[in-house]
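Comments concern the structure below.
Order of listing sets the numbers, starting from 1, for every ligand and every atom in it. Computed from a prediction, not measured in an experiment: that's the story for all the values here.
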Amino acid sequence: MLGLDKVATALVAPGKGILAADESIATMSKRLETAGVTPSADTRRDYRQLLLTTPGLDSWVSGIILCDETLGQDLSDGTPFGEAATALGIMAGIKVDKGVTSLPFSDGGFVTEGLDGLRGRLDAYRERGAVFAKWRAVLNPASLHWRTVHANAHALARYAALCQAAGIVPIVEPEVLMDGSHGIAVCQAATTTVLAAVFGELDAMGVDPRGIVLKPNMIISGTESEDQARPAEVARDTLQVLTATVPPAVPGIAFLSGGQSNEQACANLAAINAQAAAGGTPPWRLTFSFGRALVSDALRAWHGVAASAADAQDKLAANCRRASEASKGPVTAAVGA
Ligand code: 13P
């Protein structure tokens, strides 16, 4: 198997990003219901199969993040998901956290759980073909408490160290939420605090920055803010935060979409890459690890009906192609196309 640094670098290869299709059973079931599909292990499997087998997916996507249920399932032809992904030229990843729970004495903050037994689970996931993993911490910028920052940074670092010890590349995802009416400056301040703490803990736990991928939020205005920052402002503030906090040895930064539309997320990613290139060659690749901004259109088009599968796959392909273009540097023509 490739070394951790090689896998991390391949995950953020030029023109490629990561498809996040790792919603928990509960979240995926809700999304299927909203899309008019009866949730079950079979419909969740069929939906993930539709995504993974989209023609040409490997031209835009280096890896796919799956949840425990999907990595344990087979495609309809009997091929296990991990094996199928590898055969399609797409690296298989696994979400290993167990979701969030409230953190005492933190003004309503949350901490992500899942460290207990993780070492053994990682070995089992590697056997099933996973070469990278993901752990998501969730932080509210408007009520950020130092205990929430500390607890989540520590858990992310413990997770990342266990992954590297098991030969698996950790995606480190501290998500500062975009929900709320806060302005972009609040997101910028909170994200700076969070990323500084995360990289401090990663270093303390002995994590090799060359063998991780950072998955942060972009620096954007809260969804309900009246003052929505434009892509140029998002790019400027995002690059300021990353330059201040992320070691140059990290090979790549793959942004989450956080509820942005595909057009908005891609316009912001294109602006981030254009500004980064204007200032010289950035030390890290700047790409995507979107969930909703890639898959929502496909899910809406599918209806759980085999006859709609090709249309749904076309929609996923179009969104992945646009994200890939946005990750390539100063390319603006594809945005909104
Ligand atoms: P979104 O792009 O929908 O935010 O999902 C990314 C993700 O992996 C969340 O953990």
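A heavy-atom separation below 4.0 Å is found between Lys215 and ligand 1. Assignment of Gly258 to the shell around ligand 1 is supported, since a heavy atom sits closer than 4.0 Å.
The protein non-hydrogen atom at the shortest distance from atom 10 (O) of ligand 1 is Lys134 NZ, 2.5 Å.
A salt bridge is defined here as a Lys NZ or Arg NE, NH1 or NH2 lying under 4.0 Å from an Asp or Glu carboxylate O, and Arg128 with Glu83 fails to meet this definition. For the pair Arg136 and Glu175, the salt-bridge criterion is met [side-chain N within less than 4.0 Å of a carboxylate O]. Residues Lys134 and Asp22 are paired through a salt bridge, judged by an N-O separation under 4.0 Å between the basic side chain and the carboxylate. A salt bridge is absent between Arg322 and Glu325: the closest approach of a Lys/Arg side-chain nitrogen to an acidic carboxylate oxygen does not fall below 4.0 angstrom. Using a 4.0 Å cut-off between charged nitrogen and carboxylate oxygen, Glu173 and Lys95 do not count as a salt-bridge pair. Under 4.0 Å is where a charged nitrogen must lie from a carboxylate oxygen, and between Asp311 and Lys315 at least one such pair does.
Counting heavy atoms under 4.0 Å from ligand 1, residue Ser257 touches it through both backbone and side chain. Of all the heavy atoms of Arg292, the ones lying under 4.0 Å from any atom of ligand 1 are found in both the backbone and the side chain.
For Glu173, a nitrogen or oxygen atom sits less than 3.5 Å from a nitrogen or oxygen atom of ligand 1, counting backbone and side chain alike.
Near Ala20, the atoms of ligand 1 lying under 4.0 angstrom from a non-hydrogen atom of the residue are 8 (O). With ligand atoms numbered from 1 in the order given, ligand 1 contributes 2 (O) to contacts under 4.0 Å with heavy atoms of Phe290. Interface of Gly291 with ligand 1, defined as ligand atoms under 4.0 Å from a residue heavy atom, comprises 1 (P), 2 (O), 3 (O), 5 (O), 6 (C).
For Ser289 (side chain) and Phe255 (main-chain N/O), no donor-acceptor pair under 3.5 Å exists by modelled atom type.
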